[in-house]
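All remarks here apply to the structure that follows.
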Protein chains: 4
Amino acid sequence: MTTGRRGARRSETARVAILAATVRLFATRGYDHLSIEGIAAEAGVAKQTIYRWWPSKGPLIAECMLEGMLLPGRFVPRDTGDVRADLAAWLDAIFGFLIDPTGESIFRSLISAAAENVEVGVRLRDSLGAASSLVERLGRGVEAGQIPPDAPLQEVSEALVGAVIVRALSRTPLAPGDPERLVDAVIGVHR
Amino acid sequence: MTTGRRGARRSETARVAILAATVRLFATRGYDHLSIEGIAAEAGVAKQTIYRWWPSKGPLIAECMLEGMLLPGRFVPRDTGDVRADLAAWLDAIFGFLIDPTGESIFRSLISAAAENVEVGVRLRDSLGAASSLVERLGRGVEAGQIPPDAPLQEVSEALVGAVIVRALSRTPLAPGDPERLVDAVIGVHR
Amino acid sequence: MTTGRRGARRSETARVAILAATVRLFATRGYDHLSIEGIAAEAGVAKQTIYRWWPSKGPLIAECMLEGMLLPGRFVPRDTGDVRADLAAWLDAIFGFLIDPTGESIFRSLISAAAENVEVGVRLRDSLGAASSLVERLGRGVEAGQIPPDAPLQEVSEALVGAVIVRALSRTPLAPGDPERLVDAVIGVHR
Amino acid sequence: MTTGRRGARRSETARVAILAATVRLFATRGYDHLSIEGIAAEAGVAKQTIYRWWPSKGPLIAECMLEGMLLPGRFVPRDTGDVRADLAAWLDAIFGFLIDPTGESIFRSLISAAAENVEVGVRLRDSLGAASSLVERLGRGVEAGQIPPDAPLQEVSEALVGAVIVRALSRTPLAPGDPERLVDAVIGVHR
DNA sequence: TCCTAAGCGAGACGGTACGTCCGGTCTTTGC
DNA sequence: GCAAAGACCGGACGTACCGTCTCGCTTAGGA
């Protein structure tokens, strides 16, 4: 009949304060100048309270991402019936986020975090939609006859997300027409 | 009559020892567990000798890459006349390098380094061929009529390189047929 | 009509478990590596149960001493009629306890505790007999004409106890004849 | 021809600052509320600079004592020809130091430190003169016929020093005549 | 029989200090 | 003037305890 759980419960206040502080410092300092000690101070929390619930800063970032505190909206592509336009708009949204220096810094820091921590890597890919929403949109493009039926959709979406990452890593500024060209690169020009 | 340059010249021995030690530790410990102090000890060199010539570990890694000490061969795609086969072979070479845990660790660490340091980012992209050899090979594919003439080659190569990076970040193991599918994703299925 | 005392009474089980655990850890770790947290764990008790009844580890140690759990027998000198022999035997008993490394460690830790906490200091002095039994034995030595009638007995017993403490602090191993020499030092050689 | 020693020398400035800070904090906070971290902050020094030269706070205190920064003058007894008066004066000097709350606190902390660290224990005993100057003075008392020739001088001096320690541990305030009584306790009344 | 106060275990929390590692800078000596 | 050796200040690491607190349960009068 009993829950078997005695003692004080985990403080939601502390948890939220930690995540918020993490986001704040992550945006300003970047992933590897991010310190647990700094987060604790910023959050007004004891270091041990962080270590009690997260083994390191990797999973902490992952949880921030899960809560949608790092990337806006999860970048789900629209469906207006025109795949090419929808994907270009999706890329525009992402690059719009990257034009802001803060956004760009967060994004590159996320890549850094992903390189160190699988969990972050998977979540980053998924946040951009590579796992579900993007593939689904491509699937509807196939149904609409705008994409060849035997196109490897998973790989196409990986390539799209990858192109965004390459741009971020090489700090290549976005030129007009680039989103369309990237879409053309993966779903073909004349289809 | 002289240029006035007096005193000892930079020790090539020390320089090489430092680069070699960097590569060794980079492969085992990864980018951000890489320490200048550790490199100095491993190289049998004073810390100051490193700081005298490199401002931080980013450019140090960049120099290692320039010297071809981190990525093998620079991954130049062949030209057998069949673009699809050539690109698949190129991907096979890269993924072959990534199958080895050491290679995979180096690659992810490079991504991490790239996220911090533009120079590394650009060199990483170029080492994979995105800037020249890959685009050139795609160009010859266009000439051979295997790729539509108006395909955005720069973007195609970025998407290819990006796909590799996404795979590395999400630690997705390579399945048989994946290289071909990736190539199909960017140059079309039925061409 | 009643005092109005409601609720559960203090658990004797917990009290005894705490004192026993304290003695155990005190002997092995020493006074200032002794932690309330460690005692609680060792005793299978909640920390708060300790803090409810003792303000700090000083009084906890004092209570252990009061219960006779730390020093054996309270070191009461015998009375065979020969003061010199009786005091030497008393010293032998104490030094016998100090020869054992555990006993020596306990004794030094008690000195440490005494330096921090008056209560412990007084109890330590009394446990060795300086306040009552030792002075009484000296008094009977005076009556028997073995000690000059105007000897300051209180000070003599302090000096004796003090000599033991000095030996413990400087870890001077006991040589044969030392107890007799110490007795001679305070009650004279030829009396 | 060479000394074989390269690199910067130990900073005397830092060493002295550390010792001074230690003395300052030792006097105010006592031995076991003394923290390496606090000393470093007080001295304006990095923690590592302390750990580089001292393994723990015990030897640090010992060095302070060696430098005469903790106990004044080393308490060497005078020689006016009258042992009893000289020893009483020596006790007066010590108890005079103990009347001051700061002095008393330092002394008790030293006992605490001595209980933990042999080196401190030996130095504390020696600082009070038990090893040399006190025994020598007693020796001259024997030559002058004021002390029986077969009195165990080493033990007598230990008993004297011990009596002081017992007083300190039990916080017994000094009454008039106490120094004389203590001297009488160890060198006899009517000799 | 309920009510209520207290004891108790468990354990989270804000803190302080631990002892270690490394970042960069500086000094000393030798080549 | 470069390079080794290495001391130095600073800052973060991850761990151990501090003393306080909250929680759910048990114990035992008083209503």
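What you are looking at is a predicted structure, and each value in this text was computed from that prediction instead of being measured. Just so it is clear: chains get the letters A, B, ... in the order the sequence lines come, proteins before strands, and each one is counted from 1.
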Side chain of [X] only, please: which of [options] is the nearest?
X       : options                : result
D/Arg6  : E/dA17, E/dG30, F/dC13 : E/dG30
D/Ala14 : E/dA10, F/dC8, E/dG19  : F/dC8
C/Ile36 : F/dA5, F/dG19, F/dC13  : F/dG19

To the nearest 0.5 angstrom, please state how far the OG atom of B/Ser170 sits from the CZ atom of A/Arg123. 13.5 Å
Candidate list A/Leu70, A/Leu71, A/Asn117, test side-chain contact (heavy atoms from CB on, under 4.5 Å), partner A/Leu124, passing option: A/Leu71
Report yes or no: does D/Thr22 contribute a side-chain atom to a donor-acceptor pair with the main-chain N or O of D/Ile18 at less than 3.5 Å? yes
Counting neighbours of CZ on A/Arg52 that are heavy atoms of other residues, nucleotides or ligands and sit closer than 6.0 Å, is the number greater than 12? yes
Taking atom CZ of B/Arg171 as the centre, report whether more than 12 heavy atoms of other residues, nucleotides or ligands fall under 6.0 Å from it. yes
What pairs with D/Arg24 under salt bridge (Lys or Arg N to Asp or Glu O under 4.0 Å), at least two apart in sequence or on another chain? D/Glu42
For F/dG24, does OP1 or OP2 lie under 4.0 Å from any side-chain N or O of A/Arg9? yes
DNA chain E: 5'-proximal contact among C/Glu12 and A/Ser11 (nearest heavy atom): C/Glu12
The residue, A/Arg10 or A/Gly7, whose nearest nucleotide of DNA chain E is more 5′ is A/Gly7
Nearest-nucleotide wise, let me know which of A/Glu37 and D/Ala8 is further upstream toward the 5' end of DNA chain F. D/Ala8
Here's a test of your reading of the structure: between A/Gly38 and C/His33, which maps to the more 5' nucleotide of DNA chain F? A/Gly38
Contact residues, residues 42-53 of chain C to DNA chain E [heavy atom, < 4.0 Å]: C/Gly44, C/Val45, C/Ala46, C/Thr49, C/Arg52, C/Trp53
